[in-house]
Each structure stands twice: as C-alpha cells, then as structure tokens.
Amino acid sequence: MKKILKYLFLICMSVLLCFSAVACGETPTPEPNPNEGTQQTPGGETPGGETPGGETPGGETPGGETPGGETPEPPEMLRFLFLGNSLTFYNDMPGMFRSLATNAGKNVYVDSVTRGGATVSDFAYTNTDVGPSAHEKLTTQEWDYVFITPSRRITPFENTTKQAEINSSRIIAEMAAEAGARVILYTPWGNNNGKISEYDASNPTAMVKGETHYDYPRWEHVEFIKSVNEEVSTAIGGVTLAMAGYAFENCIDHYPEINLYHSDLTHPSLEGSYLAACTVFATVFNESPVGNTFWGGTMQAPTLQEIAKRTVIDGEIPDLNPDPRDPVVQVDDETKYDILVVGPDIIDSYDIATGLASMMEEGDQLPLNLVYLTDSTGVFSKMKHDSTDFTLRETLEARKFDAIVLTIARRITPSATDVIESELSALEAIYPVLEENTENIYLFTMNGQANPKIFTTAVDEIGYTDTGSKESKTAAEMTEFYATLAQTWAQELGCGVIDQGSAWVEAGPSSDAEKGYTRACCLYYAIFQSEIAQTASLAGVDASVAEAIRNSCAKYNLDSWVEPEPEPEPEPEPDPEPGDDPVDTTYSILVLGSNNMIQGANDGEKFDDVLESFITQSGKTNATAANVVTVLDGAFVFNELTADETDYGMREALAEHEFDAIILQFSRRITSSAADVIAREKAALQAILPILKAETENIYLMSYMAGANPTIFTTEGAEGLNYVNTGTDETATAAEVSAFYTATIGAWCSEFDIKPIFFSDAYENYSVSTNAGKDCYKAVGVYMALFDDGTMDGITTSVVSSSGFTKIKNSAKTYVYDALQTFLQTNADGGDDVENGDVQEG
C-alpha cells in the first residue's frame, strides 16, 4: 500500500512540474512574414510544372512537431478549379489563394484553366481553345469548388451576351455537380476608366465587339456586374458570389491611396489581385484572412486582409453613391521606377518586390513599381502571337517601363534544338515590340534542375510538347547551359543578362525569404549596376547569409550588359571593268497562292526557305542569293487579283522587287461542276497576265494537292470578288480531282503561253505526312520546273532524311519535271486543239 501511495505522489508531482513549465515558458506568436513564397500544389510542382531549385517553397511547417511528438493527421484535401479570364490569372490570383489557404493550415489543391478575354461560353463548348481542357478536367477529376466568371462583356445595352453566359453557366454547373463540386461565381470589379464597350453573342463562342463605347462610371459598373451574377446564380439554382468587386469599392472608400488597378484601369494591380484572393479565401472558408502570414509581395497585405474580412465576414456594403467620389484614375507616374517581369509563373514564386523596393529606397533610387506578366509555361513562342501573349502588348501600350525582364523558360533543354531555334526566332520577333517601350531589356536565367523533361515542337509549336524523355544533366550543368544561352542571345540582340541561376547555385538559398532576396539582389545589381546598401531590409534573412548572397549575385550580375557583336565590315565591291554592267546576284521568285503553300513546322523548314536553299546550292544561275516573296491568302482566287484593293499585296510586291519568275497557285475553290467559277477564274487569270508578263516571261501555273469530294463554290449571290460556299460537296475521288486540275491547267497554259507545274499529280502518287516534308516536296517540284533540272545532284537539305529526299526527288522527276517536258514538247509540235480552254470533268 505504501508503494502505491508513493507512486501516486510521484505522478502528481510530475504533472505539477509540467504545468509549471508551460506557465513559465509561453511560446511567442510569430510575426507575419511578408516574404513567404507562393505554396505549391500537391506533388511539389508549381502551376507551370516546374519546381524552383527542386525544393518545395516554404520548407517545413512552422512549429514542427506537436508537443506530444506526434504529427497530426493532415486535414482532408479540398480541390479547387478556377475557370476564368485575365481578371482571374493576373498576378496568379489562384496561386495567391492557394498560399493563403496553405498558410492557414488548409490542405488544398488548386488548378485553373484561363485565357485572356475568356467567357463562360468558351469553357462550356468544346469548339474553343479552352473548352476541351475545361471539359477534360471537369469530367475526369473530382472537385469541391469550381469558380466561374460570367464575362464583363455583358453590358446593359444588349441581351444576347447575358443570355449566352447564363446558358453556358448552366452547362458548367451541371458538369461541376457531376464532379461533386459547388459552383462559386467570381464577381469582379468595374472598369475604372469610365468606359465600357458593347458586345454581341449571337454566336455564343464568338462574341463580337461592337463599335460603340459607353460612358459608364466604375461604381455603376460594379453594381451591374453584381446584379448579373445574381441573375446567373438564380438561373443555375442559387450559388455563392465571391464579391471581389465590393471588396475593391470598400478599399477605395477607406484607403483610396491603395491602387488596386493596373495601368489599363481594368485589370488588377498586385494589391488588387491579393485583395481578390483574400476575398475568395474568406468566402470559401467563412474565415477571416486577418493575420495570415502570406503577404503576396505587398506591404499593404494587413490592410487588404482587413478589407476582405469587412466585406465577406462582416457584410459591409460599399457606398456606391458617386457624389462626391471621382474615379481613381492611375496614369504613368514618372516618380516611380517601373519594371515589367515576363515569363513562367515560377518567376513570382518568391517575393522579389519587397526586398528590391528596400534596396532601391536605400540606394536613393525611385520607388519601385513591379509588374508581373506570367503564364504556366511563359515561353517566347506564345508572346509572339497577340492572342496568346498573356496581355504583353496590351500592357506595353498602357505604360512605358524603365526596364523589361524576360525569363528564359526551362522548357528549353540542350538536346531540344528545335525548341531552342523556335524560342530564339520568337524572341527576335517580339524584341522590336519591346524596344519601342524601353531600351533596357534583360534576359533572366533560372537555376537548372537535374534531369529535366525534354520538350519538342513536333505537336504544339506554341506551348511545346513533353516527349516523355529526360536530359541526363545535373542541376549545375543545366544552370550553366541557361547562362551560356542567355549570353549568346544577348550578344545577338544587344541586351542585358540577369544571371540569377548561377548566383542561386553558388549562394544556395534555402528559405523562401533567402530565395526571394537572391532574385531581388540579381535584379538590382544587373539593372542599377551599383552596390546594395547593407541597411536595406533583409526580409528575414540572416545578415551573414545576406552578405554571401549579395557577393554571389554581384559576381554574376555586375557588368551584365552584353554589347552586340559588331557586324563585319563588308568587302568592298570591285569596280566594274569598263563596258561591264553590274549584275544582280539575287534570283527572285514571286509566289501567289493560298496559305497552304507554306506549312513548315518551324522556321527554317518552310517552302520559301527550302527553295532559296536549293537555288543558292545549285549554281544554275549567276545568282549567289535567292529571294522568294510569298503573297498568300487563305481563300486565294485569281478574281481578287484583278482589283488593286483586294490583290493581297501583289502590286505592292511587284513595285518593290524585280522578279525572275512568278508562280501562280490554281485555286482549290475551282471545281469541275462549277462552270461559272471556272469561267470567271479563267477570265481573271487572262486579265492579270499582262501585268505579270511585264515583269517576267517565266510564269508558271501550279496545281495544289487535291482532296476527295471538294466543296462546291458559286458566283451566284457573291457580293465581292470571292465566291460563295454552296454547302454541298462534289462526289469525286482525290485522283479524279487531281485529273481535273491537270486537264484545266494544261488547257489554260496552252492558251495563255505559260508553263504548268502538275504538283497535284505528284502528290497523288507520293504523299508526305509531315508539314515540313510537304513544303520540301513543293520546293523540289518548283525548282525542277524553273531550272530544268530533274536530278538535283549535289543539292542537300536537312528538312527530311536523305532517303525521304531521294523519294521526293524521284516522284517530282516523274510527275513534275517529265510532265512539264511532255507539255512543252506537245505545245512545240502544235499541241491539241483545245477550244477556249474547255475541259472535261475529272
């Protein structure tokens, strides 16, 4: 009994000691860290599929293990899908929401399908560029929440757009329900420029912008957007609205000094996107974001968190009375240093802005305005096109920047030479657009990953396609590859290099704050070429670590500007001998036809490039260079060439160049049963030939690849010079169509004294599967016809394999070269008596 009492006494004393220890040693509440980076989706990948440095941003969960030494069960994962437009993807708002949720202890997976200007109708139907991806995610995965954004193309001035968006929202809502998800309507802010445009959605997936622009104050636009979303909500059974627009108005009411708008007065600034993310967080979890340690790179985060709480949790309604309020219009501010950072969304994984702003302040530079334009891949080939440039051109038109930073995408790898060439070509194409805005342009290198994925242009030349293979390279080797590539490209373009990759590898930053500090230091050294004050905010980085990071960044980024390699001095032309006339050393060809004349997969593999290569290799003429000028249109017909204003630029090309030969493509809108189109096209060809023959006697009429059952066109009802689709097809095989082309071209060439290139016969007897191969085949046929060379001995190409090139030459020899010789011989002997160029149907 005494032993039992003794044990009980010892247990009680142990418990008392434990309580004393807890009472005397409270754990302090950590201060918010404004520099904590964007968290990743499960699996460790960023939205772009790349992980910076191979590590998960954020490191370990604050606090480590629980007091009992056991790790608690993670909360059940919630899955979110955002379907939206630029109001959603600007500054990676879904990524900000993910980071807010993760830092609040939530287990979330966030994915998105977005495109600038996208409507709900674009996601609801599969005949759009984003519809298939949205349908695939909704039908193959489970979701807890799906966000949709009824388009701001809905206006009070017409009803077709609103009805189209309501109908499309029903489709998405039904698909979301089948995926187990609740729909939330993301309800954005109003335009702050006092204007809205009218759209028409008679065709839901092709909403057309009207010419009319209406004066419409921002606060009225906000209320109208809310009313539309409420109407959509009612139509799909009643769903929650995430009131980002009301949050904007509450912020403007209480804190007008915080700018929520991008310079175009429509899209959000960094602060605007962060406020929207906080609003979404509060809406989804019914929980205040106040105190969240993810600040998203803005020092206004605590204030914006409070605004989101007031709007969502407290239900504060903004004052939408316009008197005496005026629009908060942002204009270009010369008192700030504007930097545009463009590239994959991995570039804003860590806070750069806070550290860089502090460095600039301590260095007596202007206050910083940092603007991100990011995309999941961020490749240059997307920036080359207006429709896929993630609003680059729109941003450049709205503001002049002091510096532009272009991130080299890590989808470029050493063995993917086609991607390297494609990216360089795209960079060269967009560089003049950037130079119009600023002369301070920099290429930014990322740190490499070990054994990265290899991508190719073979399927998707804009986004690039995963080959399923990986490079056998270390992270250090890949980093060196990117640094060398940037230097090479910069020397060609004459721009700066921000070698963040090399500095990262040498400095080895570990925490999110250190990683953001590394990127900020690299930008500062490269752009301002001056030392960083040690008194600049270290953003939670230890002083000794900060010094090491600064040293590494300075090593690779001071003197970062790369001067272009000087052009070699041209060799002086020898003075011509007396009596000698200067000789034009360029053989020029004009090609008039449809866009199908050029189908090459990449630059350097197109019909015109290949033909120029053949000519310069051949030695058939005195030419030391070749120039193939193409004047093409998708609906090419001879009839349009007869009028100056519709000739696709033919007369302009003739005025600018002297041509040695002209190729005319026989339009595939000519079919055997459309006698009226045949007659008009023949008359049009006869009308323009004097213009062409005044330039050169070497004129060729070329048939293109024939297809089975071609569409029948007619002149009946045609308002212009083109023809009208009858909605019916001819019943004919490809061989029959090809025979019709051959007979018609032969008859016309005989009558008009020009030469035929029977390419349809050639292709009918030997088809090529790749676009590059087709372009090579056309170039071979044209070359043989122009230069009377049926063998092409000594001429090579890298477009197709040597065996493929041999097969193409053999086929073209029979069906183009030999057929032309037969035609010439027949006509030289008097030819067949073909009256008026009439031919029998194929």
Side-chain angles (χ1 to χ4, degrees), residues 590-599 607 630-651 653 662-689 691-692 699-749 751-752 754 756-764 771 774-775 778 781-782 836-842:
L590 174 64
V591 179
L592 302 170
S594 72
N595 293 334
N596 288 322
M597 284 298 294
I598 294 184
Q599 293 179 305
F607 162 78
T630 56
V631 175
L632 312 175
D633 182 80
F636 178 80
V637 290
F638 297 143
N639 200 38
E640 294 207 353
L641 296 178
T642 59
D644 291 5
E645 65 274 12
T646 59
D647 70 352
Y648 320 121
M650 178 188 75
R651 287 166 176 79
I662 297 174
I663 311 293
L664 290 153
Q665 181 195 323
F666 186 80
S667 174
R668 293 203 293 181
R669 299 204 168 194
I670 305 172
T671 55
S672 60
S673 61
D676 56 339
V677 174
I678 294 174
R680 185 176 291 186
E681 283 292 274
K682 180 184 176 185
L685 176 61
Q686 187 173 14
I688 62 171
L689 278 176
I691 300 173
L692 304 180
I699 298 176
Y700 295 79
L701 183 55
M702 177 177 178
S703 63
Y704 192 62
M705 293 179 290
N709 308 321
T711 302
I712 300 174
F713 289 83
T714 179
T715 62
E716 295 178 9
E719 296 180 358
L721 296 168
N722 210 314
Y723 304 116
V724 176
N725 187 333
T726 65
T728 58
D729 295 338
E730 278 197 334
T731 303
T733 65
E736 290 171 336
V737 175
S738 179
F740 163 71
Y741 288 165
T742 299
T744 306
I745 287 174
W748 290 6
C749 287
E751 181 172 350
F752 299 139
I754 58 178
I757 299 177
F758 299 116
F759 183 71
S760 59
D761 285 353
Y763 192 81
E764 183 64 27
N771 285 336
K774 292 174 185 176
D775 275 10
K778 284 175 281 189
V782 170
N836 296 324
D838 293 335
V839 296
Q840 294 181 348
E841 296 184 12

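Note that the coordinates shown come from a computational prediction; the quantities given were computed from them, not determined experimentally.
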Work out which heavy atom in [X] is nearest to a heavy atom in [Y]; give both atom names and the distance.
X: D775; Y: M597; value: OD1-O, 3.6 Å
X: R668; Y: N596; value: NH2-ND2, 3.3 Å
X: E681; Y: S667; value: OE1-CB, 4.0 Å
X: G707; Y: V737; value: O-CG2, 3.4 Å
X: N595; Y: G634; value: ND2-N, 3.3 Å
X: S760; Y: A706; value: CB-N, 4.3 Å

For the atom pair [atom1] ([X]) and [atom2] ([Y]), what is the distance rounded to the nearest 0.5 Å?
X: N639; Y: R680; atom1: CG; atom2: CZ; value: 5.5 Å
X: L632; Y: Q665; atom1: CG; atom2: CD; value: 8.0 Å
X: I688; Y: L592; atom1: CD1; atom2: CG; value: 7.0 Å
X: T714; Y: N725; atom1: OG1; atom2: CG; value: 10.5 Å
X: I678; Y: I670; atom1: CD1; atom2: CD1; value: 7.5 Å
X: N722; Y: E640; atom1: CG; atom2: CD; value: 4.5 Å

From V782, L664, I745, V591, residue fulfilling side chain to side chain contact (heavy atoms under 4.5 Å, CB included) relative to M702: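 Checked V782, L664, I745, V591 against M702; only one passes side chain to side chain contact (heavy atoms under 4.5 Å, CB included): V782.
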
R669 side chain near V637 side chain, heavy-atom distance below 4.5 Å: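 Contact flag for R669/V637 side chains = yes.
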
Stepwise side-chain contact (heavy atoms from CB on, under 4.5 Å) check, I757 with I663: CA-CA 9 Å; I757 299 177; I663 311 293; 4.1 Å; yes

Do [X] side-chain atoms and [Y] backbone N/O form a donor-acceptor pair below 3.5 Å?
X: D633; Y: S594; result: no
X: S703; Y: F759; result: yes
X: T744; Y: Y741; result: no

side-chain contact (heavy atoms from CB on, under 4.5 Å) between I699 and L689, worked out: CA-CA 9 Å; I699 298 176; L689 278 176; 4.2 Å; yes

Aromatic ring pairing F638/W748, orientation class (parallel under 30°, perpendicular over 60°, tilted between):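 Ring orientation of F638 relative to W748: tilted.
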
Whether Y648 and F636 hold their rings parallel, tilted or perpendicular, with breakpoints at 30° and 60°: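 Judged by the thresholds at 30° and 60°, the geometry between Y648 and F636 is tilted.
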
S738 and E764 side chains, donor-acceptor separation under 3.5 Å: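 There is no such pair between these side chains.
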
Chi angles and distances behind the side-chain contact (heavy atoms from CB on, under 4.5 Å) call for L590, T630: CA-CA 6 Å; L590 174 64; T630 56; over 6 Å; no

Full working for side-chain contact (heavy atoms from CB on, under 4.5 Å) between Y700 and I662: CA-CA 6 Å; Y700 295 79; I662 297 174; over 6 Å; no

